[in-house]
Amino acid sequence: MTQRAKTDELIAHALDALQIELPSWGFANTGTRFGKFLQPAAASTIEEKFSDAGEVHHLTGVCPTIALHVLWDLPDGATGVANIKALAEKFRVRPGSINPNVFQDQLYKYGSVGSPVPVARTAAMAHLLESADLAKQLGSRDVSLWFADGSNYPGTANIRQRRKWFEESLESLHERLAPDQRMLVEYKPFEPAFYHTDIADWGMALLLAKKAGPKAKVLVDTGHHYQGQNIEQIVAWLLGDDMLGGFHFNDRRYADDDLTLGSIDPYQIFRIFHEIFYFEWETGKRADVAYMIDQSHNLKGKIEAMIQTVTTAQELHAKAAIVDHEKLATCQAKCALVDAEVCLKEAFSTDVRPAIREWARSHGLPEDPLDAFRKSGYLERITEVRSKRNAASVSSYA
Ligand code: RM4
Ligand code: MN
Ligand code: MN
């Protein structure tokens, strides 16, 4: 086998294994805290979100699931399940992770499961348990948890007490999960809370997940780190402890910017994928990791941005798949620093696009999904149907 054929085979294998979940909220009008710029084609119903996700899956072939936010997509709880199942049939995308929402209601002003207000904690717990049940009914494996809980001023919150409430709540949620379900604990250093956040980093998420039980894992949102933090090291450590549950993909320059994956630092995403492949090569185990997108585009066309993200993920995943692990391990053991780094960079600088196009062709998929989308007429069709309604919706900061 030639080197080229070997590389192409590795890439095809990697692409076959990569599935990426789309966020329902990524197709809707979302904005910054200063306002939204409304898009004429944005989705506002659950049917429209499914339709857009179905279109992205149809063109890329690798996005069979859509993440749902309970409050936004299942506002009436279990009553909405039959409809979601019907939409999944119709648009050929299954419900993916179920995201409880315990940050939007007025009740959560001082937090959810970490709030000193007992009714807030009770309501939040009930919503978490309901979310686990909804996930069961929808056949979703993961309940994906992000808490906005925190405080804005020193001295205003009992940090240790709040941690105990978090531990208790996550343990109760864990008990409610079916044997094949998981709960993913997401962390974020700040925002909306600006002094302390109850689950601020991967260490806190890890401790809480370990305490909750074996079905609890950590979720790494690539945008939820301080400047300069080594995310691939966090990934390597979590993998080593079988505690990496999944990712929320996006990119960032400053904080939780929700920019398109790889738009600022593609090398970092490559290094993350590399740690996963290296782990799998070394241990012979499969990393059981859910890849999910968490991006809300305010300015870019939503479906285009989603396709761009998926193809970027495929490219960086393919590059990481062709790292020569044998050679890298030998270089590392000999402390051949330059050679080790060159070995890694060799893969990163390989143009994998021809192999990806070949893979797409062989699967009956468009070689250029973005171009295929632009030629499909889908955007024009939905713009026609949705623009009036979108123009009528208001958005203001104060
Ligand atoms: C957060 C976080 C969560 C997402 C919310 C809406 O910043 O990334 O995953 O559910 O935003
Ligand atoms: Mn996230
Ligand atoms: Mn975020």
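We count ligands from 1, going down the list as the structure has it; atoms in each ligand are counted the same way.
- Note: Y108 and F103 fail the aromatic proximity criterion, with ring centroids not under 6.0 Å apart.
- Residue contact check: D221 has heavy atoms under 4.0 Å from atoms 8 (O) of ligand 1.
- Remark: aromatic rings of F273 and F270 are distant, center separation not under 6.0 Å.
- Remark: minimum distance from atom 5 (C) of ligand 1 to any protein heavy atom is reached at W146 CE3, 3.7 Å.
- Close approach of ligand 1 to H248 is summarised as follows: ligand atoms under 4.0 Å from at least one heavy atom of the residue are 9 (O).
- Checked options W25, F27, W146; the residue passing with H69 is W25 (criterion: ring pair (Phe, Tyr, Trp, His ring centres under 6.0 Å)).
- No cation-pi contact links R252 to Y254, judged by a cut-off of 6.0 Å to the six-membered ring centre and 45° from its axis.
- Checked against a 3.5 angstrom limit, the closest N/O atoms of K188 and ligand 1 fall inside it.
- Not a single donor-acceptor pair under 3.5 Å links the side chain of D339 to the backbone N or O of L337.
- Residue contacts with ligand 1 leave out E191, since none of its heavy atoms falls under 4.0 Å from the ligand.
- A ring-centre distance under 6.0 Å is found for Y187 and H225.
- Nearest protein heavy-atom neighbour of atom 10 (O) of ligand 1: H69 NE2, 3.1 Å.
- In plain terms, the two heavy atoms of V310 and C63 that are nearest each other are CG2-SG, 3.6 Å.
- F147 has its ring centre less than 6.0 Å from the ring centre of F166.
- Salt-bridge formation is not detected for the pair E175/K215: no Lys NZ or Arg NE/NH1/NH2 atom is positioned less than 4.0 Å from an Asp or Glu carboxylate oxygen.
- If you look at the Mn ion (ligand 3), the protein N, O or S atoms less than 2.8 Å from it are H224 NE2, D256 OD1, D256 OD2.
- Within ligand 1, counting atoms from 1 as listed, the ones closer than 4.0 Å to a heavy atom of H224 are 2 (C), 7 (O), 8 (O).
- Looking only at its N/O/S atoms, E186 has OE2 as the one nearest to the Mn ion (ligand 2).
- In terms of protein heavy-atom proximity, atom 8 (O) of ligand 1 is nearest to D294 OD2, 2.7 Å.
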